[in-house]
Amino acid sequence: MKSVVVKKANSFELEINSIAPDKSISHRCAMFSIYSKEVSTIKNYLQAEDTLNTLKIVKKLGAVVEQDGSNLKITPPKNLNEPDDILDCGNSGTAMRLFCGFLSSLDGFFVLSGDEYLKRRPMARVVNPLRSIGAKIDGRKSGDLAPLSIRGCKLKAFDFKSSIASAQIKSAMILAGLRSDGVCSYLEPELTRDHTERMLNGMGANIKKEGLKTFITPLSKTLKPLNITVPADPSSAFFFAVATAITPNSKILLKNLTLNPTRVEAFKILKKMGVKIKFIEKENIYEPIGDILVEYNELNAVEVSKNISWLIDELPALSIAFALANGKSVVKNAKELRVKESDRISSVVENLKLCGVKVKEFEDGYEVIGGDLKEANINSYGDHRIAMSFAIAGLNSNMIIENIECIDTSFPNFFDILSKITKVNLES
Ligand code: S3P
């Protein structure tokens, strides 16, 4: 298992144009290209394990992918190929859950599987809603755990009310609704990220929003191909926003990110904590895209209990800012953190304790008393966002992070960027 030593940093001023391309958008580019009959052109596709697995699956379904670095041309199959092997989603919950919705109405038999971590994550949240509209899906523990088998069939129109705020479930149901037998509606408890709706509408689908309700009209024609440059991932960029927020007299310009409001909430929380943050919108292609300028300022504690789905991937990194803020920060209503790549409530709490921070764990969150961090030996629990969050903590007080291979699932050049700020010793 690989580990890394990250050393305390001095102040820095940087402009970064190499943040990893957005993971959510990249997955969807590969998958949605199959909804067209023409060739999709995708520039800046994320070259990380999760999204490369999705691309492999799309190829197994019969698409032809021409690749020049991170630029792709995807020619969709004339007729979908029934794969002769399992479809391996690796570590990616997004791939597995979206493919459930995508495949359950297609003609054929499909088996989705993944790595040891993904095989422990709950799938009933997509399997049950899909079964309720006729999908034939099964798996271990009555369909809650992968491997999952899918026998494609006709799906019924639905009016579904979800009790879980999850873009993955919403997206799976939208994909199912597109091939169902009538107009469908999906009601979510909170607005979750909306890349699926924006991208499919950009391709010519008819998906309408009314508050928290999404109306999906089944496809009556094939869609236009995608022509997109994937913007940088704000969830990946956020690690460097926190790096700036905890290193006095530092400043960073993070370039060409999606500024989709469902994705930049964590930057707004940092702003609320005192950090100087400016959003600079430059263009709008499927979604607003631009730069974020972050400047160090003293950090004050904050309470976070709303829009949790907009923060779900950034709370581990935010917790490092909480640990160095004045006062007690509290996270509530965040039970969903427990079913991510690791149980993120427990991985954050256990690792902060190792850093000497006073923390309290709740069923749906945690509280952090700000103060100092001390050097520690951190366990990533195989979760990329835990590994990167505590690597950033190293900028404040040297850290050793164990089990860092997981970073390759979303941000393979993370340490290249980090080493512009401080000394990074990678060890195998
Ligand atoms: C994602 C949705 C989120 C997020 C994940 C990516 C997506 O999961 O945590 O990293 O691309 O739809 P949930 O929708 O399950 O909260």
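In listed order, ligands and their atoms are each counted from 1.
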Closest protein heavy atom (residue, atom, distance) for atom 15 (O) of ligand 1: Ser166 OG, 3.0 Å
Suppose we measure from atom 14 (O) of ligand 1 to each protein heavy atom; which comes out shortest, and what is that distance? Ala167 N, 2.7 Å
With a cut-off of 6.0 Å (strictly less than), are more than 12 heavy atoms of other residues, nucleotides or ligands near CG of Asn284? yes
Would you mind running through ligand 1 and noting each atom that sits below 4.0 Å from a heavy atom of [X]?
X: Asp313; value: 4 (C), 5 (C), 9 (O), 10 (O)
X: Ile312; value: 9 (O)
X: Ser24; value: 1 (C), 6 (C), 7 (C), 11 (O)
X: Thr94; value: 1 (C), 5 (C), 6 (C), 7 (C), 11 (O)

Return the option from [options] holding the heavy atom at the smallest distance from [atom].
atom: atom 12 (O) of ligand 1; options: Arg28, Lys23, His27, Arg125; result: Arg28
atom: atom 13 (P) of ligand 1; options: Lys340, Glu336, Arg193; result: Lys340
atom: atom 1 (C) of ligand 1; options: Arg97, Lys170, Gln168, Glu341; result: Gln168

Using distance alone, with no hydrogens and no angle criterion, decide if [X] and [Y] have a side-chain donor and acceptor under 3.5 Å apart.
X: Asn379; Y: Glu402; value: no
X: Ser347; Y: Ser342; value: yes
X: Lys209; Y: Thr214; value: yes

Give a yes or no on whether a salt bridge exists between Lys332 and Asp364, defined as a side-chain N under 4.0 angstrom from a carboxylate O. no
Between Phe239 and Ser389, is a side chain to side chain contact (heavy atoms under 4.5 Å, CB included) present by the stated rule, with each step listed? CA-CA 6 Å; Phe239 295 109; Ser389 300; 3.5 Å; yes
Strictly distance-based, threshold 3.5 Å: is any side-chain N or O of Asp115 a donor or acceptor partner for the main-chain N or O of Leu118? yes
